[in-house]
Amino acid sequence: MFAQGSVVFFDSGVGGLPYLATARDLLPSVPMHYVADDEGFPYGTKTPLQIETLLLERMRRIRSRLMPAAIVIACNTASQVGLPALRAAHPDIPFIGTVPAIKPAAASTSSGIVGIMATERTVADPYLDDLIARYASDIEVEKLSAQKLVSFVERRYLASSEEERRLAVAPFVDSLLARKVDRIVLACTHFLHLEKDIAAYCEICGAGDVQIVDSRQGVANRLAQLVEDGTISVQEGDRSGKPKSEDCFLLTSEAPFDPAYAAWADRFGLLPPERL
Ligand code: DGL
């Protein structure tokens with residue numbers, strides 16, 4: 001059992017790690033644990049019912065092991081499909097979801113054409129159309145499923161060369177640039193790991209003015225707000241002098257884990273993987 005009053009970040013895999021990193025920058029003394037549902041991965045090819053069932057089961061395990069003060073669903077697919085069911089099942093816990101950053105992209109586009117890269121499920125979900133109708137009704141929005149990139153990040157990213165990453169993102173970026181987008185919304189958290197590669201490839205294509213937009217700062221700000229107004233009561237630890245992190249990295253599968261997860265945990269200052 002871990003300390004009461006932590007914030008738990010949850011994703012189907014490693015996609016939510018950049019969200020945890022940004023939140024930590026803002027709230028360095030708040031314990032933040034990470035749970036990757038590697039057994040359920042990937043979510044983007046599953047039906048809403050399959051995703052909801054997984055989420056409800058995982059949440060029960062998270063609550064009994066970590067006793068979190070708040071849970072960030074650092075996964076667009078899970079947020080879109082499962083937040084209502086999670087909130088209904090756990091009304092005493094604040095859930096913070098990840099929503100595609102369509103609003104800031106639509107507000108800042110010059111060309112009036114915005115691209116959205118997401119999972120198969122997110123692209124097909126009517127929720128995304130509602131968001132577009134609400135925040136981007138006066139511009140053109142190109143939705144693009146880039147499910148293949150999710151597995152690339154989860155399985156190959158850490159061992160990949162710059163050239164391999166360029167080749168991985170190229171077909172997706174090419175297709176959006178052909179539609180003349182000047183904003184690319186990363187609406188799958190896994191793609192945040194490829195942000196630099198996407199930007200570099202845009203530059204190579206002579207589209208260096210294209211801006212990549214995501215929701216990580218918004219999520220961190222929301223968390224900070226809930227801490228400040230007392231909605232979330234977290235137990236702040238003394239991290240002065242930056243001692244070794246005591247934040248956990250938990251997986252839903254049985255050990256032995258894929259060795260890449262130990263490297264991911266280390267890269268984001270988390271303890272070596274354990275089973276949830
Ligand atoms: N990282 C997740 C998202 O933001 C899901 C990726 C997947 O498991 O397909 O949508």
Side-chain angles (χ1 to χ4, degrees), residues 8-23 34-59 62 71-86 95-102 105 115-132 143-158 168-169 172 184-195 197-198 212-220 222 249-253 258 260-261 264 268 276:
V8 170
F9 286 71
F10 176 88
D11 180 38
S12 62
V14 298
L17 288 166
Y19 282 77
L20 176 143
T22 303
Y34 192 84
V35 178
D37 186 7
D38 62 324
E39 199 172 63
F41 177 89
Y43 278 11
T45 52
K46 291 187 166 57
T47 65
L49 183 61
Q50 286 172 319
I51 297 168
E52 201 178 287
T53 307
L54 279 173
L55 286 171
L56 290 170
E57 196 276 334
R58 287 3 180 187
M59 229 33 76
I62 288 174
I71 298 177
V72 177
I73 303 296
C75 172
N76 290 92
T77 311
S79 298
Q80 268 187 217
V81 171
L83 271 178
L86 286 173
F95 284 94
I96 299 166
T98 30
V99 176
I102 292 170
I116 299 180
M117 281 169 67
T119 62
E120 256 172 58
R121 167 61 25 218
T122 297
V123 164
D125 205 290
Y127 177 89
L128 186 60
D129 296 321
D130 287 350
L131 268 188
I132 294 170
K143 299 190 290 182
L144 181 67
S145 160
Q147 187 67 43
K148 261 173 76 179
L149 282 183
V150 176
S151 298
F152 177 83
V153 169
E154 190 77 13
R155 310 264 180 245
R156 311 226 332 255
Y157 178 90
L158 286 183
V169 302
F172 302 103
I184 296 179
V185 178
L186 303 182
C188 164
T189 57
H190 276 73
F191 303 160
L192 271 67
H193 294 290
L194 293 166
E195 184 193 11
D197 303 287
I198 293 170
I212 322 281
V213 187
D214 68 64
S215 64
R216 83 190 98 170
Q217 196 61 51
V219 166
R222 177 82 188 122
F249 184 100
L250 301 172
L251 295 166
T252 52
S253 67
D258 178 336
Y261 288 117
W264 279 110
F268 283 85
L276 175 66

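Position 1 is the first residue of the sequence, and the numbers go up from there. For clarity, every value in this text was computed on a predicted model and none was experimentally measured. Counting convention: from 1, in listed order, for ligands and their atoms alike.
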Among protein heavy atoms, which lies nearest [atom], and at what distance?
atom                    : result
atom 2 (C) of ligand 1  : C75 SG, 3.2 Å
atom 7 (C) of ligand 1  : Y43 N, 3.4 Å
atom 10 (O) of ligand 1 : T77 OG1, 2.5 Å

Query raised in the report: Do D37 and S12 get their side chains close enough for a donor-acceptor pair, meaning under 3.5 Å?
Result: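 The answer is no; no qualifying pair exists.
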
Query raised in the report: Can a donor-acceptor pair be found between the side chains of S215 and T98 at a distance below 3.5 Å?
Result: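 No, T98 and S215 have no side-chain donor paired with an acceptor closer than 3.5 Å.
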
At a 4.0 Å threshold, what atoms of ligand 1 neighbour a non-hydrogen atom of [X]?
X    : answer
D11  : 1 (N), 2 (C)
V150 : 6 (C), 7 (C), 9 (O)
S12  : 5 (C), 6 (C), 7 (C), 8 (O)
G44  : 7 (C), 8 (O), 9 (O)
H190 : 1 (N), 2 (C), 6 (C)

Please check: side-chain N/O of [X] versus main-chain N/O of [Y], any donor-acceptor pairing under 3.5 Å?
X    : Y    : answer
K143 : L128 : no
Q147 : E120 : yes
D38  : S253 : yes

**Report entry** V14 side chain reached by Y261 side chain, heavy atoms, under 4.5 Å
**Finding:** yes

**Report entry** Heavy-atom check, side chain of F191 versus side chain of V150, under 4.5 Å
**Finding:** yes

Report task. With F249 as reference, evaluate Y34, F9, F268 under the ring-ring contact (aromatic ring centres under 6.0 Å, His included) test and give the passing residue. Result ->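 Passing option: Y34.
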
Query raised in the report: Quick check: does N76 get an N/O under 3.5 Å from an N/O on ligand 1?
Result: yes

Query raised in the report: Is the shortest N/O to N/O distance between Q147 and ligand 1 below 3.5 Å?
Result: yes

Backbone, side chain, both or neither: what part of [X] comes under 4.0 angstrom of ligand 1, heavy atoms only?
X    : answer
T98  : neither
T119 : side chain
R121 : neither

Requested in this report: Report the residue from T45, D125, T77, T189 that forms a side-chain hydrogen bond (donor to acceptor under 3.5 Å, both in side chains) with T119.
Outcome: T77

Report task. Report yes or no: does a heavy atom of C188 sit under 4.0 Å from some atom of ligand 1? Result ->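 Yes; C188 lies near enough to ligand 1 that a heavy-atom distance drops under 4.0 Å.
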
